[in-house]
There are 2 protein chains.
Amino acid sequence: MQSHTSFPIKNINTHLTEIKDYFKVAVSVDCVIFGFDGNVLKVLLIQSDLAQYKNKWSLLGDIVRPDEELDAAAYRVLRERTGLENVYMEQVHTFGALNRHPAGRVITVAYYSLVNIHHVQLRVSDFGLHWHAVKDIKQMAFDHKQILDICVKRLQDRIIEHPVGFNLLPKKFSLRELQNLYEAVLGVKFDRRNFRKKFLSMGLIEDLHEVENDVRHRPAKLYKFNEKAMWKNTRFLNVNSIT
Amino acid sequence: MQSHTSFPIKNINTHLTEIKDYFKVAVSVDCVIFGFDGNVLKVLLIQSDLAQYKNKWSLLGDIVRPDEELDAAAYRVLRERTGLENVYMEQVHTFGALNRHPAGRVITVAYYSLVNIHHVQLRVSDFGLHWHAVKDIKQMAFDHKQILDICVKRLQDRIIEHPVGFNLLPKKFSLRELQNLYEAVLGVKFDRRNFRKKFLSMGLIEDLHEVENDVRHRPAKLYKFNEKAMWKNTRFLNVNSIT
DNA sequence: GCAAAAGTGTTTGTTTTACACCCATGG
DNA sequence: CCATGGGTGTAAAACAAACACTTTTGC
């Protein structure tokens, strides 16, 4: 047991005093927008034009407005940059290091979202906005590399437990595309037969009885995600790491 | 593809303008402090003295100070209420609904922590501070029930994947205590033989070659957590739900 | 007919589950 | 000697892993 002093303790949940004294902080959201081009996991970044981060890449973010919900702010940022709505998005972590932003105390709530990369039409005016292969990103502005790393980790945790990967694929996809996606996100290689067996046996995907065309080899069958299916707990572990 | 307008978009990560206009928000931390009394999972709550939440229970929280890191604020709240330091703590989620707090816009970062309930000496002056069985809590002040629920879910996710439960137990514990803990946190029942086999085979616990005393039955062997051991991915699933 | 990728089953090893009796202690 | 909970093993089922050949298409 440890002892401690006993003067009364202020508590935001019991006393209303002094809140104004602390109104010295800004809250922002930062969006890690993931896309998949068929081979590698990508993230949408913008070139920072702040002096000290000149030529560094940063996440898309903005201050949360006084009358705006956090999730709404994140969706707004996503919409403004990609034109997309109704996209898979998840809050991940909040970063509040004292000097993380040169403008003062800015506490940022990080989100990641999964978009179909082909549905994103980059704005002409956003000339500093580009997709980057996640695994090639070495440094970023602010603490954004740390935010990215944590969001990648969260995505990896999610995708092995929950069918979120479909948000990165077109409506119709082949098993090879699906496997490429899992391999890109997780940085591992799977046995093709076992991978296909697993997904087919889980009933997560539905055969469309269509095939690819314009390929110069045997065309693959196309599938769609079965929204009604349940994810079955499984372990894609003990696989060959390629990282 | 979707089209969207093309006026320039403000971005906290590229432009420094207008940040002051948004300094209209307070940031707080809320701590979900879990303890285990040998049978049920408990959480430390304080009675709110705010008029509209009179007689409702609330989490322990406070405004983050302008020069204070988020984690530091959470540890401060924990220290002020329990006297404990160096406790397992994890940030979980940030809640920012517009009207979640009557004092104005208060965005709160929720943490949960795991403490040894017997190490907590409640302050005499904190007369409204008590341990509550998590499963008996029906409603709380503010959005705290939602925060609690999400923290419980997070703890459940963690405890089956990572050896965090030991933070809730005394240094020396029996396998029955360990099993009670897992059953209380997860709301399930395990087969005793399988549970013991699993933990012993994982090498997570170390036999102290000591036994309980003062029990009126065969005394159980005592174990300690082996910090060096690796958690082996496992599934405690398909168990009998008792919720 | 060749190149390129699609598609497909079986065997083996490991993990999980289900299940019941004897043991040590205090009173 | 009784009550209480502690401690233990085995068999069957489910799952995961390893592995190679045939098929279809475009050129």
Side-chain angles (χ1 to χ4, degrees), chain A residues 38-39 160-161 169-170 172-184 186 188-224 230-242, chain B residues 38-39 160-161 169-170 172-184 186 188-224 230-242:
Chain A
N39 287 294
I160 62 171
E161 292 270 313
L169 291 176
K172 301 175 181 189
F173 53 86
S174 66
L175 278 165
R176 163 53 57 184
E177 288 175 285
L178 185 64
Q179 184 172 345
N180 282 349
L181 170 65
Y182 274 77
E183 292 180 345
L186 296 171
V188 297
K189 283 283 180 198
F190 294 105
D191 176 271
R192 199 161 89 253
R193 277 173 290 192
N194 292 338
F195 183 90
R196 299 160 87 90
K197 217 183 315 176
K198 170 118 277 161
F199 271 87
L200 290 168
S201 76
M202 284 194 293
L204 275 172
I205 58 176
E206 212 169 292
D207 191 341
L208 286 167
H209 304 289
E210 293 177 59
V211 293
E212 294 177 306
N213 43 27
D214 297 325
V215 289
R216 64 183 186 293
H217 54 77
R218 176 174 177 177
K221 293 207 282 185
L222 294 175
Y223 296 83
K224 72 182 178 95
M230 277 287 121
W231 187 258
K232 194 165 134 200
N233 184 274
T234 190
R235 300 181 294 184
F236 285 116
L237 304 175
N238 303 28
V239 288
N240 319 300
S241 176
I242 58 173
Chain B
N39 287 294
I160 61 171
E161 291 270 312
L169 291 176
K172 302 176 181 187
F173 53 86
S174 66
L175 278 166
R176 162 56 56 183
E177 287 176 287
L178 186 63
Q179 184 172 345
N180 282 349
L181 170 65
Y182 273 77
E183 292 180 344
L186 296 172
V188 296
K189 283 284 179 197
F190 295 105
D191 176 272
R192 198 160 92 252
R193 277 173 291 193
N194 293 337
F195 183 90
R196 299 159 88 88
K197 216 184 317 177
K198 172 118 275 162
F199 270 87
L200 290 168
S201 77
M202 284 193 292
L204 275 173
I205 58 176
E206 213 168 292
D207 191 340
L208 287 167
H209 303 289
E210 293 178 60
V211 292
E212 293 177 306
N213 43 27
D214 298 325
V215 288
R216 63 183 186 290
H217 54 75
R218 175 174 176 177
K221 294 207 282 187
L222 294 174
Y223 296 83
K224 72 181 179 98
M230 277 287 121
W231 187 257
K232 195 165 135 199
N233 184 273
T234 188
R235 300 179 295 183
F236 285 117
L237 304 176
N238 304 29
V239 287
N240 319 300
S241 176
I242 57 172

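None of the values given here were measured: they were computed from a predicted structure. So that the names make sense, note that chain A is the first sequence line, chain B the second, and so on, each numbered from 1.
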What nucleotide, of [options], holds the atom closest to the side chain of [X]?
X: K197(A); options: dT10(C), dT25(D), dG7(D); result: dT10(C)
X: R192(B); options: dT25(D), dC23(C), dT8(D); result: dT8(D)
X: R193(B); options: dA20(D), dA16(D), dT8(D); result: dT8(D)
X: H217(A); options: dC19(C), dG6(D), dA5(C); result: dA5(C)
X: A220(A); options: dA16(D), dG7(D), dG7(C); result: dG7(C)

Given atom [atom1] of [X] and atom [atom2] of [N], what is their separation to the nearest angstrom?
X: R196(B); N: dT10(D); atom1: CZ; atom2: P; result: 17 Å
X: D191(A); N: dG9(C); atom1: CG; atom2: C1'; result: 12 Å
X: N213(B); N: dG6(D); atom1: CG; atom2: P; result: 15 Å
X: N194(A); N: dT10(C); atom1: CG; atom2: C1'; result: 11 Å
X: F195(A); N: dA5(C); atom1: CZ; atom2: P; result: 18 Å
X: F199(B); N: dT8(D); atom1: CZ; atom2: P; result: 16 Å
X: L200(B); N: dG7(D); atom1: CG; atom2: P; result: 10 Å
X: F190(B); N: dT16(C); atom1: CZ; atom2: C1'; result: 13 Å

Going by an N to O cut-off under 4.0 Å, is there a salt bridge joining E210(B) and K221(B)?
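So E210(B) does not pair with K221(B) through a salt bridge.
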Does E212(A) form a side-chain contact (heavy atoms from CB on, under 4.5 Å) with H217(A)? I'd like the steps, not just the answer.
CA-CA 10 Å; E212(A) 294 177 306; H217(A) 54 77; 4.2 Å; yes
Contact nearer the 5' end of DNA chain D, comparing L222(B) with R216(B)
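Per heavy-atom nearest nucleotide, the more 5' residue is R216(B).
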Heavy-atom side-chain contact between L222(B) and D207(B) under 4.5 Å:
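Answer no - side chains too far apart.
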Taking atom CG of L181(A) and atom CD of E177(A), what is their separation to the nearest 0.5 Å?
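These two atoms lie 9.5 Å from each other.
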CG/L169(A) to NZ/K224(A) distance, rounded to the nearest 0.5 angstrom?
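Going from the CG atom of L169(A) to the NZ atom of K224(A) covers 14.5 Å.
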Looking across every strand, which nucleic acid part, if any, lies under 4.0 Å from K221(A) by heavy atom: base, sugar-phosphate, or nothing?
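Sugar-phosphate contact only - K221(A) comes under 4.0 Å of backbone atoms but never of a base.
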Just checking R176(B): base, sugar-phosphate only, or nothing, at a heavy-atom cut-off of under 4.0 Å?
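Result for R176(B) = sugar-phosphate.
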